[in-house]
Number of protein chains: 2
Amino acid sequence: MKIGELAARSGLTAHTLRYYERIGLLPYADRNRSSHRDYDASILTWIGFLTRLKTTGMPIREMVRYAALRNDGPATETERREMLERHRARVRAHVDELQESLLVLDAKISGYAGADERMQAHDTEPSLRRKPAGARTTGAR
Amino acid sequence: MKIGELAARSGLTAHTLRYYERIGLLPYADRNRSSHRDYDASILTWIGFLTRLKTTGMPIREMVRYAALRNDGPATETERREMLERHRARVRAHVDELQESLLVLDAKISGYAGADERMQAHDTEPSLRRKPAGARTTGAR
DNA sequence: GCTTGACTTCGAGCGCGCTCGAACCCCTAG
DNA sequence: CTAGGGGTTCGAGCGCGCTCGAAGTCAAGC
């Protein structure tokens, strides 16, 4: 597979793929006689995993470190596992933080007037929200 | 309150606070006769909210837009609410994505050999994980 | 034989969100 | 009177993660 196809299949651009090779995220690709990169389909699995790491906010230099360890073979497995465990902990913490923020956002949104009508129209998730905060029937405003 | 104190209390640096004022995230602060900024404590609430938006990944230019609307008074409430609703949807989607990625991470981690011993030592969260996949009582190791 | 277009390397540039330093001003305490 | 420790404005610089363009090579199709 040439770089254009890999780009299409991986969702990255050819520029980015070359950049990733340059910095060590992707292994140096075999070149054909025209020095065009020739990829094996298995690279897609690795790129998929890298994309997960990226999605979850791992900095590139850490991904590079992980890639280097991977390249050094089974002896580095413990270290790799530990990296992923640390990363997982960070991601979990981040998720918690986001969920807390979602509550704040919910509160703020329901604090805006005129919400009710549009709630009917836009709200895709009617549960758990209509909590009229006591007997204060919003007579006047 | 002067900028140094606000910095200490808000967790931002004085440099950042000035930067935020410059770009319109923070209202132009009153100056005392020495042209030092003099903040009211209420600004902390606003900064807190901005920090939430930042935490949840809202780009600064959007926060600036929100701040500008806020500054234009109650007439913009609908638009502000809509912004927050859109943002909330993005955040929710992102949380989902992270949770999916956590599963991948879990799988990858448990794929590494030698996990068991260290699990005992490092795992802070014993629930839900030790799923010994059948009756395999870990006799040997 | 020539055009087209996908590839190559290399280095510069960009958008984001700060971060920092220079040069200056003012207030207070010793 | 002086030293120190705030504060001010202004503009440049930085780290990140790409993104892009220039200039060249090569293979295939007309």
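Chain letters run A, B, ... following the sequence lines, proteins first and then strands; every chain starts at 1.
Every ring-ring contact (aromatic ring centres under 6.0 Å, His included) that A:Tyr66 has, sequence neighbours left out, goes to A:Phe49. Taking A:Tyr20 as the reference, nothing meets the ring-ring contact (aromatic ring centres under 6.0 Å, His included) condition, with sequence neighbours excluded. With sequence neighbours left out, A:Thr76 forms a side chain to side chain donor-acceptor pair (under 3.5 Å) with A:Arg80. Contacts of B:Thr45 classified as side chain to side chain donor-acceptor pair (under 3.5 Å), with partners at least two apart in sequence or in another chain: none.
Taking atom CG of residue A:Leu6 and atom P of nucleotide C:dT8, one finds them 11 Å apart after rounding to whole Å. Per the geometry, NZ belonging to B:Lys2 stands 18 Å off P belonging to C:dC25, to the nearest Å.
Ionic pairing of B:Asp38 and B:Arg33 is not present here: no N-O contact between side-chain nitrogen and carboxylate oxygen is shorter than 4.0 angstrom.
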Under 4.0 Å protein heavy-atom contact, by nucleotide of nucleotides 10-22 of chain C - B base, S sugar-phosphate only: -B----SBBBBB-
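Annotation: B:Asn32, atom CG; neighbour count of heavy atoms from other residues, nucleotides and ligands within 6.0 Å is above 12.
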Stepwise side chain to side chain contact (heavy atoms under 4.5 Å, CB included) test for A:Leu12 and A:Leu6: CA-CA 8 Å; A:Leu12 300 174; A:Leu6 182 58; over 6 Å; no
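Listed by residue number, the members of residues 31-46 of chain B with any heavy atom below 4.0 angstrom from DNA chain D are B:Arg31, B:Ser35, B:His36, B:Arg37.
Summarising the geometry of B:Thr55 relative to A:His94, their closest heavy-atom pair is O-NE2, 3.9 Å, with the distance given to 0.1 Å.
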